[in-house]
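Since the structure comes first, as C-alpha cells, the remarks are kept for the end.
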Amino acid sequence: MVWNIGEGTLVNSITCHPDTIHSLSFNRDGSLIATTCKDKKIRVIDARSGIVFYRLNFIPDLKNEVLSKEGICHQGSKAAKVVFLGDTGRLFTTGFSRFSDRQWAVWSQHNLEAPLRIENIDSSSGVLFPFYDHDTKMVYVAGKGDGNIRYYEIVNEPPYCHYLNQFLTGFPQRGLGFMPKRGLDVTRCEVFRFYKLHAVKPLCEPISMIVPRKSEQFQEDIFPDTAAPTPSLTAKEWLSGSNRSPILISLKTGAGARTNKPVLYNPDRQYLVTADRNNERKFIFISEGNKVDYRELLQMNGNSNVVKDNLDNVNHNMVAQPTKKFPWSEELSPPSPPEDLKTGVVARHTLPVATFVTIQDNDSSSDHEEDSSLEFSSSEELLETCKKLASNVKELKTKLQTKDKKIKELEEKLHLLQKEKNN
C-alpha cells in the first residue's frame with residue numbers, strides 16, 4: 001500500500017503478488033518499485049498505479065519484441081533479495097540456485113527474462129542481504145549467520161560487477177543496519193558504516209568501512225554530493241506523475257551549508273510548508289540587545305534580597321524570592337554591595353562549593369596540624385629505619401642477580417638447542 005502521510009490517505013494498493021513479498025526497493029527518483037516474492041519472481045512495478053510493466057519495442061522488418069518486467073529471479077526455494085542500483089537502470093539480487101547454492105545476479109530493469117550476469121558464491125544456508133552505496137557504486141553483501149561482509153564494485157560495462165574483498169570476523173550476525181552518508185566521519189575517510197547485531201551476544205557493534213589514505217584533507221572522489229533529507233517533490237507533484245532526482249548536499253565541512261528544515265502539510269493551503277517557527281524565534285532572540293538593569297540591590301534579613309527601585313513607573317514593593325540554603329554553603333554568605341553602587345544585578349546567587357576528599361596512605365599521620373613535615377622523635381628510630389631500608393635494598397639486589405643467572409642459563413640452553421638442530 002502507498003500512503004500520503006501528509007493527509008493520512010491511501011493512494012494505491014498493489015495487489016499483483018500472489019504470495020509473501022521477500023524484499024522491496026525503490027529506484028533513485030521513487031517512480032518504480034522492484035520486489036521479490038515467494039513465487040520466485042522478480043517484478044518492476046509502477047509505484048503510482050501498481051501496474052507490472054510490459055514494454056513493446058517495434059523493430060522494422062522484424063516482429064514485435066516483448067521485453068518483460070516480470071521474470072523468474074532465483075530457482076531456490078529460500079528468500080531472494082533485490083535492490084535498485086541507483087539510476088543505472090539495473091537491479092542487483094541475491095538468492096539460491098536449485099541446488100541451494102547462494103548466488104547473486106545483475107538484471108536490467110527493462111528486461112527481466114534473463115539476468116545480465118549471475119554467479120555462485122558458496123553453499124551456505126544463510127539468506128544474503130544486499131546494501132547499495134550509490135556514491136561509491138559499491139554493493140555490500142552480508143549473510144544471516146555469517147561472520148563476513150563481501151563488497152563488490154558496480155560498473156556500466158560487462159561483467160557489470162567486480163568482487164573486491166571481504167570483511168572477516170569470527171562472530172555470526174543476526175542482522176545489519178547502516179548509517180546514512182550524512183552521519184559518516186569524512187576526516188577518517190569512512191565511506192560506509194554498518195551496525196551489526198550479534199547472533200550469540202546481546203551486542204550491537206558498529207563496523208566502519210574506511211579507505212586508507214594518509215591525507216587529512218577532504219576527499220572529493222570518494223565523497224561526492226549525497227542525498228539530502230529534504231524531499232525534492234511534494235506528494236501532489238509525485239502523484240501527478242512528476243519525477244525528480246534527490247536534492248544533493250556536500251559532505252565537506254562548511255561547504256554548501258544549509259538548513260534541512262522539517263516539512264509540514266497545511267490542509268488549508270493544500271501544499272507542503274517548511275516549519276520556520278524555530279528559525280524566526282532564534283533570529284528574534286539574536287537581534288535583541290542586552291537589557292541592563294540599573295536598580296540598586298539591598299540585602300535584608302539575611303536570606304532575602306529586596307530590590308530598591310529608583311524609577312517612578314516600577315512597583316517599590318518588588319521582592320526577590322529567598323535563596324535556598326544548602327549544607328555546603330551555610331558558612332558562606334554573599335558579600336554586601338557598597339552603598340555607592342548604582343548598577344548591578346537584580347539578585348545574587350551563591351554557587352555551591354565543591355568538596356574534595358583526599359585519600360591518605362596508612363603510614364601517614366592523622367594529625368596534619370601537628371605533623372606538617374616528617375620528623376623523628378630520636379636518632380635511634382632514624383638508625384632503625386636506615387637499617388631496614390639497607391636490608392631491603394640487599395634483598396632486591398640478590399633477587400636481581402638470581403634472575404640474571406636464570407636468564408643466562410636459558411640463553412645457553414637455547415644456543416645449544418639451535419646447534420643441535422643445525423647439526
Side-chain angles (χ1 to χ4, degrees), residues 16-26 33-45 70-85 90-109 112-133 136-154 159-179 192-209:
C16 60
H17 300 89
D19 212 327
T20 307
I21 300 172
H22 286 155
S23 68
L24 179 147
S25 176
F26 277 90
I33 300 174
T35 62
T36 56
C37 184
K38 196 174 181 180
D39 61 354
K40 302 180 184 180
K41 287 187 179 182
I42 179 173
R43 296 173 174 86
V44 176
I45 307 165
E70 182 180 32
I72 300 296
C73 183
H74 294 275
Q75 298 291 336
S77 59
K78 292 187 178 180
K81 304 293 179 181
V82 63
V83 64
F84 262 103
L85 296 178
R90 293 188 296 274
L91 305 168
F92 186 91
T93 61
T94 58
F96 294 81
S97 66
R98 66 178 64 187
F99 302 107
S100 297
D101 293 329
R102 296 197 297 188
Q103 53 186 197
W104 59 262
V106 179
W107 306 73
S108 172
Q109 70 178 22
L112 300 179
E113 291 182 350
L116 299 174
R117 186 189 176 190
I118 188 168
E119 185 174 325
N120 291 341
I121 299 175
D122 54 21
S123 57
S124 298
S125 59
V127 177
L128 293 171
F129 295 89
F131 300 89
Y132 178 64
D133 182 12
T136 57
K137 302 294 188 295
M138 290 177 61
V139 172
Y140 300 88
V141 179
K144 187 176 181 181
D146 296 350
N148 59 342
I149 301 173
R150 299 175 177 87
Y151 40 98
Y152 303 80
E153 183 182 6
I154 302 298
Y160 300 107
C161 185
H162 296 279
Y163 172 76
L164 296 178
N165 208 337
Q166 63 177 340
F167 169 77
L168 291 170
T169 59
F171 302 100
Q173 55 215 7
R174 181 176 295 175
L176 288 169
F178 65 94
M179 170 69 73
F192 212 82
R193 186 191 303 170
F194 286 102
Y195 290 93
K196 173 181 174 179
L197 183 63
H198 284 246
V200 180
K201 305 177 185 177
L203 180 65
C204 182
E205 177 188 4
I207 299 173
S208 296
M209 300 295 175

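Basis for what follows: all heavy atoms, side chains included, without hydrogens, waters or symmetry-related copies. Throughout, residue positions are numbered sequentially from 1 according to the sequence presented.
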Taking Arg117 for its side chain and Cys161 for its backbone only, find out whether a donor-acceptor pair lies under 3.5 Å.
yes
Partner of Tyr140 by ring-ring contact (aromatic ring centres under 6.0 Å, His included), out of Tyr132, Phe131, Phe192, Phe129
Phe192
Nearest 0.5 Å, please: how far is CZ in Phe84 from CG in Leu91?
5.0 Å
Hey, is the main chain of Ile42 close enough, under 3.5 Å, to the side chain of Thr36 for a donor-acceptor pair?
no
Please verify the inter-ring angle class for Phe92 with Trp104; under 30° counts as parallel, over 60° as perpendicular, anything in between as tilted.
parallel
Quick check, are the ring centers of Phe194 and Phe178 under 6.0 angstrom apart?
no
Worked verdict on Met138 versus Ile154 for side-chain contact (heavy atoms from CB on, under 4.5 Å):
CA-CA 6 Å; Met138 290 177 61; Ile154 302 298; over 6 Å; no
Could you state the interatomic distance from CD (Glu153) to OG1 (Thr136), rounded to the nearest 0.5 Å?
9.0 Å
Are the side chains of His74 and Ile118 in contact, using a 4.5 Å heavy-atom criterion?
yes
Hey, does Tyr195 have a side-chain heavy atom less than 4.5 Å from the side chain of Leu197?
no
Closest non-hydrogen atom pair between Trp107 and Ile72, with its separation
CH2-O, 3.1 Å
For the residue pair Arg43 and Cys37, what are the closest heavy atoms and their distance?
NH1-CB, 3.6 Å
Is the backbone N or O of Phe171 less than 3.5 Å from a side-chain atom of Lys196, with the two atoms forming a donor-acceptor pair by type?
yes
Indicate the atoms forming the closest heavy-atom contact of Pro172 with Gly170, along with that distance.
CD-O, 4.0 Å
Could you tell me whether a side-chain N or O of Asp146 sits under 3.5 Å from a main-chain N or O of Asn148, the two making a donor and an acceptor?
no
Give a yes or no on whether Lys144 atom NZ has more than 12 heavy-atom contacts from other residues, nucleotides or ligands under 6.0 Å away.
no
Going through the distances and angles, do Ser208 and Arg193 end up as a side-chain contact (heavy atoms from CB on, under 4.5 Å)?
CA-CA 4 Å; Ser208 296; Arg193 186 191 303 170; 4.0 Å; yes
In this structure, CG of Asn165 is separated from OH of Tyr152 (nearest 0.5 Å) by 11.0 Å
For Gly143, does its backbone N or O pair with a side-chain atom of Gln173 as donor and acceptor, under 3.5 Å?
yes
For residues 75-83, dump all side-chain donor-acceptor pairs below 3.5 Å to protein atoms at least two apart in sequence or in another chain.
residue : atom : partner : partner atom : Å
Lys78   : NZ   : Ser125  : O            : 3.0
Lys81   : NZ   : His22   : O            : 3.0

Are Gln166 and Ile149 close enough that some pair of their side-chain heavy atoms sits under 4.5 Å apart?
no
Quick check: do Asp122 and Arg150 have side-chain heavy atoms less than 4.5 Å from each other?
yes
Is the shortest heavy-atom distance from the side chain of Thr94 to the side chain of Ile121 under 4.5 Å?
no
Would you give the length of the straight line joining atom NZ of Lys38 to atom NE2 of His17, rounded to the nearest 0.5 angstrom?
14.5 Å
Could you measure the distance from the SG atom of Cys16 to the CD1 atom of Ile45? Nearest 0.5 Å is fine.
3.5 Å
Report the C-alpha separation of Met209 and Asp133 in whole Å, then their side-chain angles, then the decisive distance to 0.1 Å, and conclude whether the side-chain contact (heavy atoms from CB on, under 4.5 Å) test is met.
CA-CA 12 Å; Met209 300 295 175; Asp133 182 12; over 6 Å; no
